[in-house]
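Note that these values count all heavy atoms, side chains included, but never hydrogens, waters or copies made by symmetry.
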Amino acid sequence: INILPHFGGSPLRGWEPNKDPEKNPMQRRFMSENAAYALIRLAPVFFMKDMNVYLICIISYLLEASSISWEINCYNATKDALPPATLMCIFSSWMLLTVYFNQGGYIPEVDPSIFK
């Protein structure tokens, strides 16, 4: 998404080329937010054994899915907003299963009582 404004289209203003300047303040904030989300969600690759990182990722997925759902329900967002919300559900379920099954005790901090 951060590369798209360089090509004349933007998810914030539609994909049709227009004469407005790209990367206005709102677009830059949107790009920064997406970069931050990407870095947070990339953290488990580097900190695989840290439960706190998994928790932060799950919270990030929950917040984004809730935000998308809010836009769909309150502001009649387009149908294009539904696949990202579905992906947030899939990714958070994937993380839950990773922690729940914890093959061979790979993540040492998992407390088995959290699933009871």
*Sort and list the pairs that fulfil side chain to side chain donor-acceptor pair (under 3.5 Å) and have at least one residue in residues 41-55, not counting sequence neighbours.*
Arg41-Ser60, Arg41-Glu64, Asp50-Asn52
*Connected hydrophobic set around Ile59, excluding itself, where side chains approach under 4.5 Å*: Leu55, Leu63
*Could I get the full list of side chain to side chain contact (heavy atoms under 4.5 Å, CB included) partners for Ala43, not counting sequence neighbours?*
Phe47, Val53
*Connected via hydrophobic side-chain network under 4.5 Å: Leu97 and Leu87*: yes
*Go through the structure and list residues passing side chain to side chain contact (heavy atoms under 4.5 Å, CB included) with Asp111, not counting sequence neighbours.*
Ser113, Ile114
*So which pairs with a foot in residues 92-108 pass salt bridge (charged side-chain N to carboxylate O under 4.0 Å, His left out), sequence neighbours left out?*
none
_CE-OG distance between Met88 and Ser69, expressed to the nearest 0.5 angstrom_ = 11.0 Å
*Name all pairs fulfilling the ring-ring contact (aromatic ring centres under 6.0 Å, His included) condition that reach into residues 63-85, sequence neighbours left out, sorted by first residue then second.*
Trp70-Tyr75
*In Å and rounded to the nearest 0.5 Å, what is the CD1 to CE distance from Ile107 to Met48?*
10.0 Å
*Apart from Ile40 itself, what residues make up its hydrophobic cluster when side-chain heavy atoms of I, L, V, M, F, W and Y under 4.5 Å apart count as a link, directly or indirectly?*
Ile56
*Which pairs with one or both residues in residues 95-110 pass salt bridge (charged side-chain N to carboxylate O under 4.0 Å, His left out), sequence neighbours excluded?*
none
_On a heavy-atom basis, which atom in Ala65 and which in Ala85 lie closest, and how many Å separate them?_
CB-O, 4.4 Å
*Residues which pass side chain to side chain contact (heavy atoms under 4.5 Å, CB included) with Ile72, listed by chain and number, not counting sequence neighbours*: Ile68, Ala77, Ala81, Leu82
_Could you see if Ile58 belongs to whatever hydrophobic cluster contains Val110? Use Ile, Leu, Val, Met, Phe, Trp, Tyr and a side-chain cutoff under 4.5 Å._
yes
*Sequence neighbours excluded, every pair satisfying side chain to side chain donor-acceptor pair (under 3.5 Å) that has a member inside residues 86-102*: none
*asked:* Test of understanding: clusters of I, L, V, M, F, W, Y form through side-chain heavy atoms closer than 4.5 Å, transitively. Do Met51 and Leu62 belong to the same one?
replied: no
_Phe46: partners by side chain to side chain contact (heavy atoms under 4.5 Å, CB included), with sequence neighbours left out_ = Leu42
*Report the residues that fulfil ring-ring contact (aromatic ring centres under 6.0 Å, His included) with Phe91, sequence neighbours left out, ordered by chain and then residue number.*
Tyr61
